[in-house]
Amino acid sequence: MNNRPGLTRELSRRQLLKYSGMAGAAIAGSSFLSACGDDSGGGTQSAGGTLIHGATGGGPQDTLDAHQPVTNPDIARVCNLYEPLLFWNNDYEIEPALAESIEADSEGTTWTIKLRPGVTFHNGKSVTAEDAWFSISRVADPDAPLSAGGQLSQIIDFESTKVVDEQTLQLVLNTPYAVLDMLLAEYTLGIVPTDYDPANPVGTGPFAYSSFTPGSTSTFTKYADYWGNAALVDELIIQDFPDDNAKVNALQAGQVHTVDNLPYNLIPTIEAAGGGALVSDTGAWVPFTMRVDQDAFADNRVRQAFRLIVDRNQMIEQTLSGYGQLGNDMYAPFDPAYASDFPQREQDIEQAMSLLREAGQEGLQVELFTGDDIGSVAPASANLFAEQAKAAGVDVRVTKKPTFYDDEYLNYTFAQDFWNTRNYIPQAAVCALPSGTYNETHFDNDSFTDLINTAASTLDEEKRNTLLQDAQQIEYDEGGYIIWGFRQQVDGYSAAVQGLEPSRYLPLGSYNFSKLSLE
């Protein structure tokens, strides 16, 4: 009972219980964000034209599905086609999107969601609570949860949840969940109509679907009846670039206007050609992933040895050109619970060799899978790790795949990946719990799972943070990630582009292309 008043105070401080007071600011801005300064050119922005974005990676597995984006092009598409109930702004704070207000009862188990009035899908149909419930149910299907649905599928009381009226959804949980807003704000939880067809996608975003060729090009048109400020450009084209050199060459040649994940060493080249680099402080990471259930990595001594092989400062200087911060094998650096007091891991070749001897793995040979579609940081850091590992007598054979995100993704024994900024619970929910849709290390620790679930249902923030630090201790000691650093997001743009803003969340101002204009 003592926690119930605290729920209102805490969640109000985190802008959860009442978003209606912010709705005007959101509308005055653009698709998700309140208006702010222009970091890519001053002056009055003009309307019209076609914006062409060069997206890192992509391939035959590309999708338009609102709830299953994997690659950078997928994420860029869903951020412009669809919108969730809430959204993270460029400062990594939650703002309203399609929800006008969200209120929790004193127990934190019944959440009343009021939809923003006057919002329509691209086919002209009004957005209703039925659509919101359909979207949440699709993501949180207990039999097959999608990207953001792992935790939701376990905490939603499907029988008790009900649509109250056209604008009101009463979402009932079977347990208190203190950070429900973080789940509802994920870009992987866009609201779609009840007759949704990913092959002919309909959303509420500032751009509507026109055409799509997986691994190549997708085209979108300005949605004139968008509920917020309509897009400035008439058309958006997203072009896949599995090869970084081709992507940068296209920017220099004026064939594209923006690129995400500009290779750090090419920043001076782009600036010398009259373009610009948008630099954002983020919690993004490109980890090495070790399957804890397979081969030598099933022995925690081997995993710890590999963490001690890495020279993290060298990684940052050589693969990020200094555009990054030191990592300590833990994610979510912006989370209030981030365990910043854990001893900083440093390269210790002697200790790494000792652990490998204890594990009977002297002279270990491993294959490390990487790919350009992860981002330019991945192959560079993979090759550097292979060099660093030689000092410990470990032979790392780097295999760069033409398409990393194929049917083998999530099954590699030793590989890499990329993750954007998230707080600890939603990140763990997708990557470190047995139910996680992207549990690439196959981590399955009962104590860790119990701590995450208990923390998520703990309304007192101080107690929740203590539980989360206990959970982080388990990952720090036994996990399958090598998180050597957090990279600054660097994106490139041509001199013709105006309206770009840095973002802690996603590339290119959270891929908010509706705010951009062309000279």
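All heavy atoms count here, side chains included; hydrogens, waters and symmetry mates do not. This is a predicted model, so every value here is computed, not measured.
- The pair E440-R291 does not meet the salt-bridge criterion, since no charged nitrogen lies less than 4.0 angstrom from a carboxylate oxygen.
- Of the possible polar contacts, none joining the D450 side chain to the S447 backbone as a donor-acceptor pair under 3.5 Å is found.
- The line from CZ of R464 to CD1 of I425 is 6.0 Å long, rounded to the nearest 0.5 Å.
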(message) For a side-chain contact (heavy atoms from CB on, under 4.5 Å) check, start with the C-alpha distance between I156 and L171, then their side-chain angles and the critical distance, and finish with the verdict.
(response) CA-CA 7 Å; I156 292 176; L171 189 63; 4.3 Å; yes
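- Put simply, the side chain of T458 gets close to the backbone of T454: a donor and an acceptor are under 3.5 Å apart.
- Here Q151 pairs with Y177, N453 under the side-chain hydrogen bond (donor to acceptor under 3.5 Å, both in side chains) rule; sequence neighbours left out.
- Atom OG of S381 is separated from atom CZ of F288 by 4.0 Å, given to the nearest 0.5 angstrom.
- Put simply, CZ on F404 and OG1 on T399 are 11.0 Å apart, with the number rounded to the nearest 0.5 Å.
- If you take CG on L236 and CD1 on I52, they are separated by 9.5 Å, rounding to the nearest 0.5 Å.
- Atom OG1 of T109 is separated from atom CG of L180 by 11.0 Å, given to the nearest 0.5 angstrom.
- Here the options are T63, D62, D373, I374, the test is side chain to side chain contact (heavy atoms under 4.5 Å, CB included), and the partner is T71; only D62 passes.
- With hydrogens and angles left out, the side-chain atoms of S503 and S510 include a donor and acceptor closer than 3.5 Å.
- Applying the ring pair (Phe, Tyr, Trp, His ring centres under 6.0 Å) rule to F369 yields the partners Y412; only residues at least two apart in sequence or on another chain are considered.
- Here the closest heavy-atom approach between residue A432 and residue N439 is recorded as C-ND2, 4.0 Å.
- Using modelled atom types, one side-chain atom of D141 and one backbone atom of D143 make a donor-acceptor pair closer than 3.5 Å.
- When side chains are defined from C-beta on, P507 counts as touching N420, because their heavy atoms get closer than 4.5 Å.
- The minimum heavy-atom distance between P214 and P60, with the atom names listed, is CB-O, 4.0 Å.
- Taking 4.0 Å as the cut-off between side-chain N and carboxylate O, R312 and D329 count as a salt-bridged pair.
- The shortest non-hydrogen separation linking Q294 to N411 is OE1-O, 4.2 Å.
- The closest side-chain donor-acceptor pair between S147 and Q68, if any, does not fall under 3.5 angstrom.
- Ring planes of Y438 and Y409: tilted class, angle from 30 to 60°.
- By the ring pair (Phe, Tyr, Trp, His ring centres under 6.0 Å) test, Y331 is found to be paired with W285, Y424, residues two or more places apart in sequence or in another chain being considered.
- In the model, Q154 has a side-chain atom that pairs as donor or acceptor with a side-chain atom of S435 under 3.5 Å.
- With salt bridges taken as basic N to acidic carboxylate O contacts below 4.0 Å, none links E478 and R303.
- A donor atom on one side chain and an acceptor atom on the other are not found under 3.5 Å apart for T188 and H67.
- Cation-pi geometry between R77 and Y82 is not met: the NZ or CZ atom fails to fall both under 6.0 Å from the ring centre and inside 45° of the normal.
- Within 6.0 Å of atom OH in Y323, 12 or fewer heavy atoms from other residues, nucleotides or ligands are found, so the atom counts as exposed in its surroundings.
- If you run side chain to side chain donor-acceptor pair (under 3.5 Å) between T56 and each of D244, D491, D260, D240, only D260 comes through.
- Side chain of Q472 to backbone of L468: a donor-acceptor contact under 3.5 angstrom is found.
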(message) Using the rule given for side-chain contact (heavy atoms from CB on, under 4.5 Å), can you reason through L320 versus V490, listing the C-alpha separation, both sets of side-chain angles and the distance that settles it, and then say yes or no?
(response) CA-CA 10 Å; L320 300 181; V490 178; over 6 Å; no
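- The closest side-chain heavy-atom distance from F448 to E475 is below 4.5 Å.
- For the pair M315/W484, a side-chain contact is recorded, criterion being any heavy-atom separation below 4.5 Å from C-beta on.
- A donor atom on one side chain and an acceptor atom on the other are found under 3.5 Å apart for Q489 and N261.
- The number of heavy atoms from other shown groups lying within 6.0 Å of NZ (K400) does not exceed 12.
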Cut-off 3.5 Å, no hydrogens considered: what does the side-chain donor-acceptor table look like for residues 388-395, sequence neighbours left out?
unit_1: Q388; atom_1: OE1; unit_2: D311; atom_2: N; d: 3.1
unit_1: Q388; atom_1: NE2; unit_2: D311; atom_2: O; d: 3.4
unit_1: Q388; atom_1: NE2; unit_2: Q314; atom_2: OE1; d: 2.7
unit_1: K390; atom_1: NZ; unit_2: E387; atom_2: OE2; d: 3.0
unit_1: D395; atom_1: OD2; unit_2: Q365; atom_2: NE2; d: 3.4

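- Annotation: side chain of T269 is in contact with side chain of Q252 (closest heavy-atom distance under 4.5 Å).
- Taking 4.5 Å as the limit, every side-chain heavy atom of V286 sits out of range of all side-chain heavy atoms of W419.
- Ring geometry, F87 versus Y505: the interplanar angle exceeds 60°, so the pair is classed perpendicular (tilted spans 30 to 60°).
- Taking the side chain as every heavy atom from C-beta outward, I191 and Y196 never approach each other to under 4.5 Å.
- With sequence neighbours left out, F306 forms a ring pair (Phe, Tyr, Trp, His ring centres under 6.0 Å) with F297, F385, F414.
- Residue N328 comes nearest to P343 through the heavy atom pair ND2-O, 3.1 Å, listed as atom of the first residue, atom of the second, then distance.
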(request) Could you go through the side chain to side chain donor-acceptor pair (under 3.5 Å) check for Q473 and D477 one step at a time? (result) CA-CA 6 Å; Q473 186 70 61; D477 292 339; 3.2 Å; yes
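- Put simply, the side chain of S321 never gets that close to the backbone of E317: no donor and acceptor are under 3.5 Å apart.
- Counting only heavy atoms from C-beta outward, the side chains of L262 and I270 approach each other to under 4.5 Å.
- Taken from CD in E83 to CG in N80, the straight-line distance is 9.5 Å, to the nearest 0.5 Å.
- Residue T441 comes nearest to G480 through the heavy atom pair CG2-O, 3.6 Å, listed as atom of the first residue, atom of the second, then distance.
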Between side-chain atoms of residues 346-355 and protein atoms elsewhere (two or more places apart, or another chain), which donor-acceptor pairs fall under 3.5 Å?
unit_1: Q347; atom_1: NE2; unit_2: I309; atom_2: O; d: 2.8
unit_1: D348; atom_1: OD1; unit_2: Q351; atom_2: N; d: 3.0

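- No more than 12 heavy atoms of other residues, nucleotides or ligands lie within 6.0 Å of CD in Q325, so this atom counts as exposed by the packing criterion.
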(message) Before you tell me yes or no, could you show the steps for F513 and F207 under ring pair (Phe, Tyr, Trp, His ring centres under 6.0 Å), namely the whole-Å CA-CA distance, both residues' side-chain angles and the distance that decides it to 0.1 Å?
(response) CA-CA 9 Å; F513 292 130; F207 292 96; 7.6 Å; no
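- Salt bridge absent: D372 and K247 never bring a charged side-chain N and a carboxylate O closer than 4.0 Å.
- For the pair T282/L506, no side-chain contact is recorded, criterion being any heavy-atom separation below 4.5 Å from C-beta on.
- T449 and D446 share no side-chain donor-acceptor pair at under 3.5 Å.
- Across every non-hydrogen atom of P142 and F158, the tightest pair is CG-CE1, 3.8 Å.
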(request) Evaluate the side-chain contact (heavy atoms from CB on, under 4.5 Å) criterion for residues V256 and F241: first the C-alpha distance (whole Å), next the side-chain angles of each, then the deciding distance (0.1 Å), finally the verdict. (result) CA-CA 11 Å; V256 301; F241 281 93; 3.9 Å; yes
